[in-house]
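Chain identifiers are assigned alphabetically (A, B, ...) following the order of the sequence lines, protein sequences preceding nucleic acid strands; residue numbering begins at 1 within each chain.
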Amino acid sequence: MELIAVIGFFSVVAVVCVRLFAAASTTSTTSVNINHAIRIEESLAESWIASDGDLNRLQTLYPQAVVALADPAAATDGTLTLYLDENWEMLDEATDGRRYSVTLDSQKVAASACYDPSDEGYAIVMTVTVNDLVKDTTISSLQADHYLGTTLSRVDFHAQVCPDVDPAGMIPADIMLPVQLCPDVDMEGRNILL
Amino acid sequence: MKRDSRFGAHIGTSSLLLIFLTLSLVSFGALSLAGATADKRLSDKLEVHTAEYYAASHEAEAFLAHTQTALVNAWKSSTSYADYTAHIADLPTAIQIPVNDTQALVVEVAFPEPVSTDSEAPATLYTITKWRIETTDTSSYQRHLPVSENGGLNTD
């Protein structure tokens with residue numbers, strides 16, 4: 001009688017303990033995956049910012065990455081995809097054993113659409129998403145943006161330095177300002193000596 | 001000697017073994033789950049902190065966009081470099097953006113002399129001189145043992 005009670009109780013305890021260990025294993029795996037995902041996301045995001053969103057330049061840092069540009073003339077608009085195995089090691093495009101994918105969507109937008117409507121210039125925005133290809137779930141995603149600046153044409157500088165002068169004709173193309181390097185021009189725009 | 005069986009079940013070796021195994025298994029299981037949960041909580045904090053940093057970064061980039069717009073407008077409305085520097089004299093050169101309760105992203109910019117280029121790529125009229133996470137927590141921690149000069153513990 002005692003042995004039967006012991007076996008029955010032990011069965012219940014064993015089931016509970018197996019569930020505990022299984023939950024611990026699942027939680028631990030999730031935690032490890034999040035850590036890896038964030039490490040890759042941050043690395044990609046900072047590399048992308050340093051490359052000013054140029055996916056071709058970014059690919060030189062991640063040679064295994066697959067880049068698909070929306071427009072071949074605009075390297076800032078497109079998608080960069082990385083594939084990783086179950087140990088979070090990067091894989092070449094043709095290699096089997098893909099377990100995770102990291103997708104970076106990049107787009108160049110007007111700064112007014114990303115920040116204040118009165119802001120001038122351009123910005124780049126991106127989303128990095130890390131997916132588990134086997135479970136078909138998203139592990140983590142990250143959004144970031146970077147202000148690029150404004151397009152400052154030479155005309156802007158010519159108009160500044162030589163306000164009464166046709167900017168296309170009066171200053172040789174190889175002159176690099178600072179503004180003081182327009183020695184024959186009165187800074188007030190009068191008495192043009194060129 | 002005859003056993004007294006009036007008081008229910010007997011406690012034998014198997015029952016003792018069961019108690020020991022049950023305690024051991026439940027303890028290890030609970031410890032394992034507690035450790036994994038702590039790791040998961042840390043990972044979640046890391047994820048939240050990363051999102052907070054990039055939210056602060058977004059604010060900093062907005063500050064840079066606003067600064068650049070002001071610089072371009074000042075440049076276009078100035079008649080000389082001296083006039084330009086006078087226009088931008090009041091522009092803020094630093095911003096501190098809270099990341100969380102204890103940290104802030106500090107960004108500082110400088111306004112060097114504008115230089116034209118032949119590049120069609122967007123450029124900026126400012127230079128970032130500082131982009132750093134700094135601690136804003138002003139809590140004062142006790143950093144020494146309360147030992148008195150005569151060698152005993154100071155009970156003050």
Side-chain angles (χ1 to χ4, degrees), chain A residues 1-3 5-6 9-10 13-14 16-17 19-21 23-28 30-32 34-35 38 41-42 45 52 111 114-116 118-123 140 142-154 156-160 163 173 175-180 187-189, chain B residues 9-12 14-15 17-18 21-22 25-26 28-37 39-44 46-47 50-51 53-55 57-58 61-66 68-69 71-73 75-76 78-84 113-118 120-126:
Chain A
M1 182 63 193
E2 181 189 0
L3 199 57
V6 164
F9 187 71
F10 183 77
V13 168
V16 171
C17 287
R19 288 176 68 95
L20 274 179
F21 281 114
S25 173
T26 305
T27 308
S28 178
T30 305
S31 164
V32 168
I34 289 174
N35 286 344
I38 291 173
E41 281 173 353
E42 283 189 311
D52 282 342
C114 188
Y115 308 115
D116 192 85
S118 65
D119 288 334
E120 295 181 5
Y122 299 94
S140 177
L142 177 70
Q143 292 183 322
D145 55 82
H146 175 56
Y147 180 65
L148 293 175
T150 50
T151 304
L152 300 168
S153 69
R154 184 174 290 278
D156 288 335
F157 286 86
H158 291 178
Q160 169 68 28
I175 284 187
M176 296 291 290
L177 299 173
V179 288
Q180 291 88 341
M187 297 302 284
E188 298 300 323
Chain B
H10 299 287
I11 300 296
S14 59
S15 297
L17 192 61
L18 173 72
L21 279 176
T22 302
L25 282 174
V26 170
F28 284 128
L31 283 173
S32 172
L33 186 60
T37 307
D39 285 347
K40 175 71 166 49
R41 203 178 302 126
L42 190 63
S43 300
D44 289 341
L46 178 65
E47 194 171 21
T50 306
Y53 169 76
Y54 281 100
S57 172
H58 172 76
E61 297 285 354
F63 164 74
L64 295 178
H66 198 63
Q68 171 72 4
T69 303
L71 290 173
V72 169
N73 289 337
W75 177 253
K76 286 179 177 173
S78 302
T79 55
S80 65
Y81 179 64
D83 192 21
Y84 169 70
E113 230 166 83
V115 177
S116 76
T117 69
D118 287 328
E120 292 294 321
T124 59
L125 293 176
Y126 59 80

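- Between the side chain of B:T69 and the backbone N or O of A:E120, at least one donor-acceptor pair lies under 3.5 Å.
- Interface residue B:F28: backbone and side-chain heavy atoms are both found under 4.5 Å from chain A.
- Of the listed residues (B:T50, B:L64, B:T124), the greatest number of heavy-atom pairs within a distance under 4.5 Å of chain A belongs to B:T50.
- Using a 4.5 Å heavy-atom threshold, the side chains of B:L46 and A:N35 count as touching.
- Using a 4.5 Å cut-off between heavy atoms, B:V72 contacts chain A through its side chain alone, with no backbone atom that close.
- Heavy atoms closer than 4.5 Å to chain B are found in the backbone of A:Q143, but not in its side chain.
- Only the side chain of A:L142 has a heavy atom closer than 4.5 Å to any heavy atom of chain B.
- Listed options A:D116, A:L20, A:T30, A:L3 were ranked by heavy-atom pairs under 4.5 angstrom with chain B; first place goes to A:L20.
- Contact of B:L21 with chain A is made through the side chain alone, with heavy-atom distances under 4.5 Å.
- When each of B:G35, B:S32, B:A30 is checked for heavy-atom pairs under 4.5 Å with chain A, B:S32 comes out on top.
- Here A:I38 is the residue among A:D52, A:T26, A:I38 with the most heavy-atom pairs under 4.5 Å with chain B.
- When all heavy atoms are compared, the tightest approach of A:A144 to B:Y54 is CB-CD2, 3.7 Å.
- Inspection of the A:S140 and B:E47 side chains reveals an N or O donor paired with an N or O acceptor under 3.5 Å.
- Ring pair B:H58/A:Y115 is tilted by interplanar angle, where 30° to 60° counts as tilted.
- Of the atoms belonging to A:V13, it is side-chain heavy atoms, and not backbone ones, that fall under 4.5 Å from chain B.
- Within the model, atoms OG1 of A:T27 and CG of B:D39 stand 9.5 Å from one another, a figure rounded to the nearest 0.5 Å.
- Of the atoms belonging to B:D83, not a single heavy atom falls under 4.5 Å from chain A.
- Here B:D44 pairs with B:K40 under the salt bridge (Lys or Arg N to Asp or Glu O under 4.0 Å) rule; sequence neighbours left out.
- Using a 4.5 Å heavy-atom cutoff, the side chains of A:F10 and B:L17 are not in contact.
- Contact count versus chain A (heavy atoms, under 4.5 Å) is highest, among B:A82, B:S14, B:S57, for B:S14.
- With sequence neighbours left out, the side-chain hydrogen bond (donor to acceptor under 3.5 Å, both in side chains) criterion links A:S31 to B:S43.
- Considering A:D119, A:T150, A:L148 in turn, A:T150 is the only one that fulfils the side-chain contact (heavy atoms from CB on, under 4.5 Å) rule with B:Q68.
- When heavy atoms are compared at a cutoff of 4.5 Å, A:Y122 approaches chain B solely by way of its side chain, counted from C-beta outward.
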